[in-house]
Amino acid sequence: MTLDDIRHNLAAIRDRIDRACARVGRDPASVRLLPVSKTVDLDRIRLAYEAGCRFLGENKVQEAMRKWEELQDLPDLKWSIIGHLQTNKAKYVARFAAEFQALDRLSVAEVLDRRLQQEGRQLDVLIQVNTSGEPSKYGLAPDDVAGFIRQLPAFSALRVRGLMTLAAFSADSDRVRSCFVQLRNLRDRLQQEAPDGMVLHELSMGMSGDFEIAVEEGATIVRIGQAIFGARALPDSHYWPQEPGAR
Ligand SMILES: *Cc1c(COP(=O)(O)O)cnc(C)c1O
């Protein structure tokens, strides 16, 4: 894969995002493209940096931390952790990540906040919501999010920015779309009753296979891996343990 390939893929995705925005009358500047570099080696990550990427998403914190350590010569490259986090690994996120999109438990919020206070850092966080109802998906049930959010002001190092979801893995685009609609409606509702000072603006939804639907339904962040870096050799079941894998 060459620099030109990556530039071409990024431009093609950006173009598709912009056209999805145009279909529904949205400002294209309101959608952030987050390239997802899981399983992507350092050479290709350097090419992505050369192509202008300054913020990369990784599902697994240890893989992200190894890359962060080995790319210290690119100090303005920031990392977003987008995968489920075990409490005992929260300390790594607190050390280097700029964003964490998969907050789904108070125990993780607690450890993150304590470690961030020690490091003198703050972290942007999104709350992961299970909109598909698939038991294999991580995230809070939609009905549990309001109560969860009310507890978060206690953790002053966490800057709560919005919600994240993975849609159903389905060829039925109506089913996929309904997950995105559900997340947007939930965000709109929570925004009304959010604790003082908390602005739940972000909707992180949409991946290589479904990001145009997500943009039509209001995504402010799309997380895109394979459409930029090519198909992954590792099956998705490595990242979603109970998933059948195929999309
Ligand atoms: C891998 C991953 C993505 C990107 O998936 P692609 O199919 O490569 O676009 C998005 N979100 C999460 C949580 C991921 O782990």
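All values reported here derive from a predicted model rather than from experimental measurement.
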Tell me which one of Leu152, Val160, Leu163 satisfies side chain to side chain contact (heavy atoms under 4.5 Å, CB included) with Leu103. Leu152

Any non-hydrogen side-chain atom of Leu200 less than 4.5 Å from a side-chain atom of Ile149? yes

Could you tell me whether a side-chain N or O of Arg187 sits under 3.5 Å from a main-chain N or O of His201, the two making a donor and an acceptor? yes

Applying the side chain to side chain contact (heavy atoms under 4.5 Å, CB included) test to Pro28, which of Asp18, Asp15, Ile17 qualifies? Asp18

Any carboxylate oxygen within less than 4.0 angstrom of a Lys/Arg side-chain nitrogen, looking at Glu99 and Lys78? no

Using a 3.5 Å distance criterion without hydrogens, assess whether the side chain of Asn9 forms a donor-acceptor pair with backbone atoms of Ile6. no

I'd like to know whether Val108 forms a side-chain contact (heavy atoms from CB on, under 4.5 Å) with Phe100, so could you lay out the CA-CA distance, the side-chain angles of the two residues, the decisive distance to 0.1 Å, and finally the verdict. CA-CA 11 Å; Val108 170; Phe100 174 51; 4.1 Å; yes

Is the shortest side-chain N to carboxylate O distance from Glu202 to Arg161 below 4.0 Å? no

With side-chain contact (heavy atoms from CB on, under 4.5 Å) as the criterion, how do Cys179 and Val181 come out once you've worked through the C-alpha distance, each side chain's angles and the decisive distance to 0.1 Å? CA-CA 6 Å; Cys179 295; Val181 170; over 6 Å; no

Would you indicate whether Tyr92, at its atom OH, is surrounded by more than 12 heavy atoms from other residues, nucleotides or ligands within a distance under 6.0 Å? no

For Arg46, enumerate each residue passing the side chain to side chain donor-acceptor pair (under 3.5 Å) test, keeping only those at least two apart in sequence or located in another chain. Asp73

Regarding Gln101 and Ser204, do their side chains bring together a donor and an acceptor under 3.5 Å, going by distance alone? yes

Val93 and its side chain to side chain contact (heavy atoms under 4.5 Å, CB included) partner, picked from Leu85, Val125, Leu116: Leu85

Quick check: closest heavy atoms across Ala90 and Val111, and the distance to 0.1 Å? CB-CG1, 3.8 Å

Return the CZ to NZ distance between Phe96 and Lys67, rounded to the nearest 0.5 Å. 10.5 Å

Under 3.5 Å, is there a donor-acceptor pair between the Asp113 and Gln117 side chains? yes

Give the cluster check for Leu3 versus Ile224: same hydrophobic cluster or not, with ILVMFWY residues linked at side-chain heavy-atom distances below 4.5 Å. yes

Would you check, one step at a time, whether the test side-chain contact (heavy atoms from CB on, under 4.5 Å) holds for Val215 with Phe180? CA-CA 9 Å; Val215 168; Phe180 298 144; over 6 Å; no

Any Lys/Arg nitrogen of Arg177 or Glu217 sitting under 4.0 Å from an Asp/Glu carboxylate oxygen of the other? yes

Is there a side-chain contact (heavy atoms from CB on, under 4.5 Å) between Trp79 and Ser37? Walk through the geometry before answering. CA-CA 10 Å; Trp79 298 91; Ser37 55; 3.8 Å; yes

Spacing of OG1 belonging to Thr87 relative to CG belonging to Leu112, to within rounding of 0.5 Å: 9.0 Å

Mind checking the CD1-CG spacing from Ile81 to Asn59? Nearest 0.5 Å is all I need. 8.5 Å

Taken to the nearest 0.5 Å, the spacing of Leu33 CG from Ile221 CD1 works out to 11.0 Å

Starting at OH of Tyr138, measure out to CE of Met164 and round the result to the nearest 0.5 Å. 11.5 Å

The reported gap from CZ in Arg95 to CD in Glu69 (rounded to nearest 0.5 angstrom) is 7.5 Å

